[in-house]
Amino acid sequence: MTSDSGPDVLRYTAFSADPAGGNPAGVVLDAAGLDQERMLAVAAELGYSESAFLTERTGEGAYTIRYFSPKAEVPFCGHATVAAALALAERDGPGELEFATAAGPVPVTVVRESGELRATLTSVVPHVEEVAEADLAEALAALDWPAAGLDPELPPRIAYAGARHLVLAAATRERLAELAYDFARLEALMHRLELTTLQLVWREGPEVFHVRDPFPVGGVVEDPATGAAAAAFGAYARELGLVPEASVLTLHQGADMGRPGTLTVELRAGDPRVRVSGTGTRIA
């Protein structure tokens, strides 16, 4: 509901049942009266990496949704999608939803498991592409990472599942923990390549990964739990044959920021789309 004093902004965290974990997002369930400038202002005032705005209800469980970081609109945001779905489920009950995003339709299923709500989004059809050597060199320079610090088993790629992400794999957990990058330099490269985040990865086991996501183009140093990047990474892992065609991957993110969260990525044989699921909760 939007009042004279401004929109009713809900606050949820996604990919953690602990309000102090996961990735917080603002959610406006009735943003029909808000223009782009007002939505951007709300997102900037909140200061979260992204906020979700439901601008139109188009059918039973169907909504048009837009996403804003503190600096710009983004085509798709996984954690804000989960947050919006959980907010709707708390209002209307669990069930099937479909969000019309700038990247395409994104179905979401919300269920209650052991007393907790859990949302699963299904991405648009993803794709993976090579990254130019010069662009990779610039990214590593901005991160202050040596090329020798990369895992040769997980080669750099740009992956898309609603938004573009540069996937870089660290050879050690210690390398992943060392995130102190040149904000302006990385932001400039990301704008040029139309990237939403960098998906920095360390592989703990066959289907277990730790990830971090610098997000300077959104005005945020780091994103605590990144559903869109998780979907893109699932496509990347399958495309490169790192995991079986049908797999369930576990991504741990946010621990280095003091906001631990867990993202579950499901790949299904015969379906190019990627499913990303997690719990969440309202922030008081």
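Here the structure is a predicted model, which is why all the values come from computation and not from measurement.
Residue pairs meeting the ring-ring contact (aromatic ring centres under 6.0 Å, His included) criterion with at least one member in residues 95-147, sequence neighbours excluded: H127-Y160. Listed by first and then second residue, the salt bridge (Lys or Arg N to Asp or Glu O under 4.0 Å) pairs that reach into residues 92-114 come to none, sequence neighbours excluded. Listed by first then second residue, pairs satisfying salt bridge (Lys or Arg N to Asp or Glu O under 4.0 Å) with a partner in residues 223-247 number zero, not counting sequence neighbours. For residues 253-274, the set of pairs meeting the ring-ring contact (aromatic ring centres under 6.0 Å, His included) definition, not counting sequence neighbours, is empty. Counting only residues at least two apart or in different chains, salt bridge (Lys or Arg N to Asp or Glu O under 4.0 Å) contacts with residues 44-60 comprise R57-E60.
A231 pairs by the side-chain contact (heavy atoms from CB on, under 4.5 Å) definition with S123, A161, V274, V276, not counting sequence neighbours. The side chain to side chain donor-acceptor pair (under 3.5 Å) test applied to T81 returns Y67, not counting sequence neighbours. Contacts of H210 classified as ring pair (Phe, Tyr, Trp, His ring centres under 6.0 Å), with partners at least two apart in sequence or in another chain: W202, H252. A83 meets the side-chain contact (heavy atoms from CB on, under 4.5 Å) test with Y12, A25, V27; sequence neighbours excluded. Checked against ring pair (Phe, Tyr, Trp, His ring centres under 6.0 Å), F209 has the following partners two or more places apart in sequence or in another chain: F233. Looking at residues two or more places apart in sequence or on another chain, you find a side chain to side chain donor-acceptor pair (under 3.5 Å) between T197 and H165, D213. Y48 pairs by the ring pair (Phe, Tyr, Trp, His ring centres under 6.0 Å) definition with nothing, not counting sequence neighbours.
Counting heavy atoms from C-beta on, the side chains of L249 and V243 come closer than 4.5 Å. Residues S277 and R118 have side chains in contact (heavy-atom distance under 4.5 Å, counting atoms from C-beta outward). Taking the side chain as every heavy atom from C-beta outward, L117 and P94 approach each other to under 4.5 Å. Annotation: side chain of V28 is not in contact with side chain of L10 (no heavy-atom distance under 4.5 Å). Contact annotation: the side chain of I283 approaches that of P24 to within less than 4.5 Å [non-hydrogen atoms, C-beta and beyond]. At a threshold of 4.5 Å between non-hydrogen side-chain atoms, the residues T264 and V248 count as touching. Between Y63 and L88 the shortest side-chain heavy-atom distance falls below 4.5 Å. At least one side-chain heavy atom of Y236 sits less than 4.5 Å from a side-chain heavy atom of P155.
The closest donor-acceptor contact from the side chain of R212 to the backbone of A177 lies under 3.5 Å. Side-chain N or O atoms of T101 include one that pairs as donor or acceptor with a backbone N or O of A103 at under 3.5 Å.
Side-chain contact of R268 with S247: a donor-acceptor pair under 3.5 Å is absent, judged by distance alone. Side-chain polar atoms of Q253 and R259 form no donor-acceptor pair below 3.5 angstrom.
Classification of R192 and E138 as a salt-bridged pair fails, no side-chain N sitting under 4.0 Å from a carboxylate O. Salt-bridge formation is not detected for the pair R282/E90: no Lys NZ or Arg NE/NH1/NH2 atom is positioned less than 4.0 Å from an Asp or Glu carboxylate oxygen.
Note that the CG atom of L140 and the CG atom of D135 stand 11.0 Å from one another [nearest 0.5 Å].
Residue-environment remark: CG (D144) stays at or below the threshold of 12 foreign heavy atoms within 6.0 Å. In this structure, E194 places its CD atom where only 12 or fewer heavy-atom neighbours from other residues, nucleotides or ligands lie under 6.0 Å away.
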_side-chain contact (heavy atoms from CB on, under 4.5 Å) for V201 and L168? Distances and angles first, verdict last._
CA-CA 6 Å; V201 182; L168 298 176; over 6 Å; no
